[in-house]
Amino acid sequence: MTADISTHTDQFYARLTAILSKIHEFKDFTAAFPVVEKAILALFGAERVTVYQRNRHSGDIVSRYKTGDDVREIRVPISTSSIAGFVAFSRHALLLKDVRDHAELKQAHPNLHFDDSYEKGIEFKSHAMVVVPIEHKGVLLGVLQIINRRDGGHFTEDDLKRAEQFAALVGQKFRYDFGCTEGPFEYLVDSGLLDGQTLARLEQKASDKLPMTRLLKEHAKISSAQLGKSLECYYQVPFLSYQPDRYYTHPIADQLNKAYLRNSRLALLTDGKSDRVLVLIDDPNDSHRVMEIENVIGSRHTEICVGLLDDIQQYLGVTDPNGGSAGNLSTIVDELEDDGELLEDTLSDSEEVSEEDSTVVRLVNRVLLDARRLRASDVHIEPGRGRLPTNVRMRIDGVCQEIIQIPASHARATVSRIKIMSRLDIAERRMPQDGKFSVRLQGHPIDVRVATIPTVNGEGVVMRLLQSGEPIPFDQLNLSERNITALSHLLTFPHGILLVVGPTGSGKTTTLHAVLSQLNTPDRKIWTAEDPVEITQPGLQQVQVQPKIGFDFAAALRSFLRADPDVILIGEMRDRETSHAGVEASLTGHLVLSTLHTNSAPETVTRLLDLGIDPVSFSDALLGILAQRLVRTLCDNCKEAYTADEEEVAFLQRQFGEGAVEALGLQAGHSKLYRAKGCDECNQTGYRGRTGIHELLTTSHRMRELIYRKATVSEIKQQATTDGMLTLLQDGILKVVKGDIDFQQLRRVTAE
């Protein structure tokens with residue numbers, strides 16, 4: 001019996017060798033298949049055979065060579081939905097007794113099914129199959145599908161092993177047909193773009209922190225396009241570079257753990273034109289990772305693409321496992337430090353790190369993405385002395401927090417990168433410069449205003465992240481009941497001046513646009529002059545002023561008056577000319593909205609009078625002044641309630657002043673107050689987001705008299721409180737009692 005098996009095996013290999021010899025007589029497999037087709041069928045005792053070839057550019061496999069003329073061509077996606085597609089996707093062979101047995105297919109994979117549409121209307125029906133991947137050195141090149149034994153039985157494990165052996169030999173032939181390379185960077189050497197010695201040296205330097213592709217770009221001057229071509233020749237899948245305007249994160253990725261995607265070194269992308277999921281991975285040969293993500297994606301149409309690890313990380317934009325931003329940035333900084341050690345061996349003293357260095361580009365993009373995610377208003381890049389590192393701080397909810405430190409070797413390149421993005425002069429380092437840029441990262445637009453300032457340690461940079469998008473609803477300004485009623489009443493006036501005041505970064509523009517959203521109706525014509533235009537609304541005519549060419553706020557206001565407006569918004573009344581023009585516009589039948597940098601509503605009156613505007617005209621024009629501050633709010637996820645004691649109640653009542661008992665309604669031992677605790681949602685700070693505290697001064701007959709005779713700030717404040725105004729401190733205390741903020745944060749933004 002053993003002798004019979006051995007003889008049968010020898011016969012198989014003899015016939016297999018004869019088939020392969022015949023195949024190699026032809027230039028390609030296309031010419032060879034018609035000649036050897038019958039011999040292949042006889043070799044396996046099969047009725048039909050189909051050989052699929054991989055289509056590099058469309059993410060599917062195509063039946064280039066098959067028995068029978070019933071169907072001209074079969075094209076299936078490389079996914080788990082079809083039998084041949086599953087084998088191509090998983091690189092696992094299948095031995096099936098009956099492809100029409102759903103239970104047998106589900107054992108292989110839950111998504112697997114047999115598509116019998118190709119056999120409708122013809123006599124041939126598929127049953128038993130052996131299906132194996134055609135590979136060369138781990139690279140998928142096609143699929144071999146052997147269908148139905150001639151004797152009507154099932155294929156055996158021996159048939160499967162022989163099919164795998166035949167497929168391996170066909171893979172060698174396909175390698176030449178496809179122009180496959182033996183390694184991911186062989187194309188670079190063959191093309192003369194890289195010498196073998198440099199390749200070997202960089203391979204020794206490569207590590208998880210410094211991937212080979214990055215070293216080739218930075219130290220062998222290989223471009224991304226050249227790397228992509230080399231990877232395509234090896235992996236036989238499309239190369240996808242970092243193109244955030246064309247590809248962005250697929251919605252399904254939002255359902256997955258960010259750390260999982262980062263550790264798996266793959267990104268799930270979409271082009272927005274179809275439902276397919278582009279699986280971007282640095283090693284498409286890793287079938288374990290590919291199958292793992294396929295199980296997560298489910299039955300969606302997928303396409304495997306190869307990408308550079310740096311590009312994948314940019315698409316991911318993931319944080320560290322603890323949810324903070326510093327971890328991922330620190331990883332990039334570690335790479336900079338490792339890069340610095342390597343640069344010491346390759347750069348002379350006169351050479352510098354380029355601002356186009358891929359790690360520097362990733363660092364700047366990462367800083368911007370984290371700033372957006374953390375809702376930072378500003379990013380401060382502060383150079384260190386000598387060889388000390390450069391600090392990067394972000395102002396988050398009004399408070400500066402140190403994020404990372406950039407090594408001195410890469411600090412100047414980082415600043416130059418930001419200046420290039422802002423279209424500033426990178427050669428000028430002695431004078432301050434201002435600029436701005438817009439960039440789309442991971443599908444999100446980010447608008448940034450940039451200021452560079454020379455310091456004794458080098459150039460410092462401040463990046464202001466501009467709010468963009470639609471205005472927040474008016475009812476989400478968190479105004480007190482009195483303020484929202486009074487402000488809504490002021491908006492019913494057809495003409496006059498309404499001012500929103502406060503220091504820089506106090507949310508004046510946000511409030512003004514929320515007010516404009518109330519006024520923005522089809523029967524009103526609204527013009528705005530802003531610097532810059534951050535928030536946009538349909539129905540508004542918004543203008544960006546250009547002071548450098550003489551088109552300032554005053555010039556914009558004069559032009560608006562010739563355009564028949566009902567409502568005018570002027571970004572700021574910063575000088576006498578603009579203030580006087582605003583008052584005159586309000587007296588000629590227009591509702592004028594504007595801002596001013598003052599500390600309180602009463603102080604605003606004296607500031608404008610000091611600019612030289614006519615007190616009589618101003619007293620007639622003024623409707624109201626809303627002063628505001630932004631205060632860090634307690635994190636809703638972790639804020640801790642406690643019972644206020646007698647000392648705390650007395651303190652709050654004393655700070656509130658007259659009428660505190662009725663207004664606050666606090667009782668020692670019974671009333672609940674809230675304090676910060678800290679959780680992962682708020683990065684252990686206890687605070688998340690900001691809200692406004694306000695004081696609204698409205699004009700009355702007595703207030704107009706005080707303005708007319710240029711009364712003092714204290715007199716105006718006293719009259720305003722008599723008219724019902726709550727001061728910033730009083731409004732803040734009401735929000736402390738409400739549980740929005742705590743008293744510690746309130747004291748940070750009020751003078752009292």
Side-chain angles (χ1 to χ4, degrees), residues 474 477-493 495-503 506-512 514-515 518-519 569-570 572-573 579 582-583 586-587 591-611 613-631 656-659 663 692-735 749-752:
F474 183 73
L477 290 176
N478 202 14
L479 294 166
S480 66
E481 185 176 346
R482 181 264 174 186
N483 286 344
I484 200 169
T485 301
L487 185 56
S488 298
H489 175 66
L490 295 181
L491 298 183
T492 64
F493 283 75
H495 56 82
I497 292 180
L498 176 63
L499 299 173
V500 179
V501 302
S506 59
K508 300 186 293 296
T509 300
T510 300
T511 298
L512 276 177
V515 169
Q518 293 292 98
L519 297 170
L569 183 148
I570 298 298
E572 185 182 351
M573 288 186 173
S579 303
V583 171
S586 68
L587 293 175
L591 181 60
V592 179
L593 311 179
S594 190
T595 71
L596 203 66
H597 288 89
T598 55
N599 292 322
S600 67
E603 182 184 323
T604 305
V605 175
T606 60
R607 175 71 62 83
L608 287 171
L609 293 176
D610 289 342
L611 286 177
I613 65 174
D614 179 37
V616 177
S617 299
F618 181 51
S619 63
D620 289 339
L622 184 64
L623 296 176
I625 302 171
L626 179 70
Q628 69 177 55
R629 298 288 190 280
L630 291 178
V631 187
F656 189 88
E658 186 178 350
I693 59 172
H694 312 87
E695 63 179 25
L696 178 59
L697 179 153
T698 56
T699 54
S700 61
H701 179 71
R702 177 59 181 160
M703 181 63 71
R704 289 190 177 92
E705 290 182 356
L706 292 175
I707 296 173
Y708 173 71
R709 65 180 181 84
K710 297 185 177 182
T712 63
V713 173
S714 59
E715 290 175 312
I716 294 173
K717 180 179 179 180
Q718 183 177 356
Q719 182 59 46
T721 54
T722 302
D723 293 338
M725 182 187 81
L726 294 175
T727 66
L728 289 169
L729 179 62
Q730 289 174 323
D731 189 59
I733 291 175
L734 289 176
K735 289 181 170 65
V749 298
T750 57
E752 293 92 349

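Small disclaimer: the values here were computed from a predicted structure and weren't measured. As a basis for the values below, the full set of heavy atoms in this structure was taken, side chains included, without hydrogen atoms, waters or symmetry mates.
For R702 (side chain) and D723 (main-chain N/O), no donor-acceptor pair under 3.5 Å exists by modelled atom type. Listed for the T721 side chain is a donor-acceptor partner under 3.5 Å among the backbone atoms of K717. The main-chain N or O of S600 is never found under 3.5 Å from a side-chain atom of E695 such that the two would form a donor-acceptor pair. Panel note: side chain D731, backbone H694; a donor-acceptor pair is recorded below 3.5 Å. A donor-acceptor distance shorter than 3.5 angstrom exists from the side chain of Q628 to the backbone of S506, with no hydrogens or angles considered. Of the possible polar contacts, one joining the K735 side chain to the N478 backbone as a donor-acceptor pair under 3.5 Å is found.
The two residues L697 and A720 come nearest to each other via the heavy atoms CD1-CB, 4.0 Å. Here the closest heavy-atom approach between residue I733 and residue F656 is recorded as CD1-N, 3.6 Å. Nearest heavy-atom pair across L630 and G507 is CD1-N, 3.8 Å. For V592 against S586, the heavy-atom pair with the smallest separation is CG2-N, 3.9 Å. Listed here is the closest heavy atom pair of A627 and A601: CB-N, 3.6 Å.
Considering OG1 of T485 and CG of L490, their distance stands at 11.0 Å, rounded to 0.5 Å. L519 CG to L498 CG: the interatomic distance, rounded to the nearest 0.5 Å, is 9.0 Å. Note: E572 CD to S579 OG = 9.0 Å, rounded to the nearest 0.5 Å. Taking CD of Q730 as the start and CE of M725 as the end, the distance is 8.0 Å to the nearest 0.5 Å.
With contacts defined as side-chain heavy-atom distances shorter than 4.5 Å, the pair F474/L487 qualifies. With contacts defined as side-chain heavy-atom distances shorter than 4.5 Å, the pair T595/T511 does not qualify. The side-chain heavy atoms of S488 and Q518, taken from C-beta on, include no pair separated by under 4.5 Å. The closest side-chain heavy-atom distance from K508 to H597 is below 4.5 Å. The closest side-chain heavy-atom distance from I707 to M703 is below 4.5 Å. In this structure the side chain of N599 reaches within 4.5 angstrom of the side chain of R629, judged on heavy atoms. Between I497 and V583, the closest side-chain pair of non-hydrogen atoms falls below 4.5 Å. When side chains are defined from C-beta on, E705 counts as touching H701, because their heavy atoms get closer than 4.5 Å.
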* **CA sep, side-chain torsions, deciding dist, call: V605, L706, side-chain contact (heavy atoms from CB on, under 4.5 Å)** => CA-CA 10 Å; V605 175; L706 292 175; over 6 Å; no
Check residues 615-626 and write down every donor-acceptor pair under 3.5 Å in which the side-chain atom is one partner and the other belongs to a residue at least two apart or another chain.
residue : atom : partner : partner atom : Å
S617    : OG   : D614    : OD2          : 2.9
S619    : OG   : P615    : O            : 3.1
S619    : OG   : V616    : O            : 2.8

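Other residues, nucleotides and ligands contribute only 12 or fewer heavy atoms inside 6.0 Å of the CD atom of Q718.
Not a single salt bridge (Lys or Arg N to Asp or Glu O under 4.0 Å) links R704 to another residue, sequence neighbours left out.
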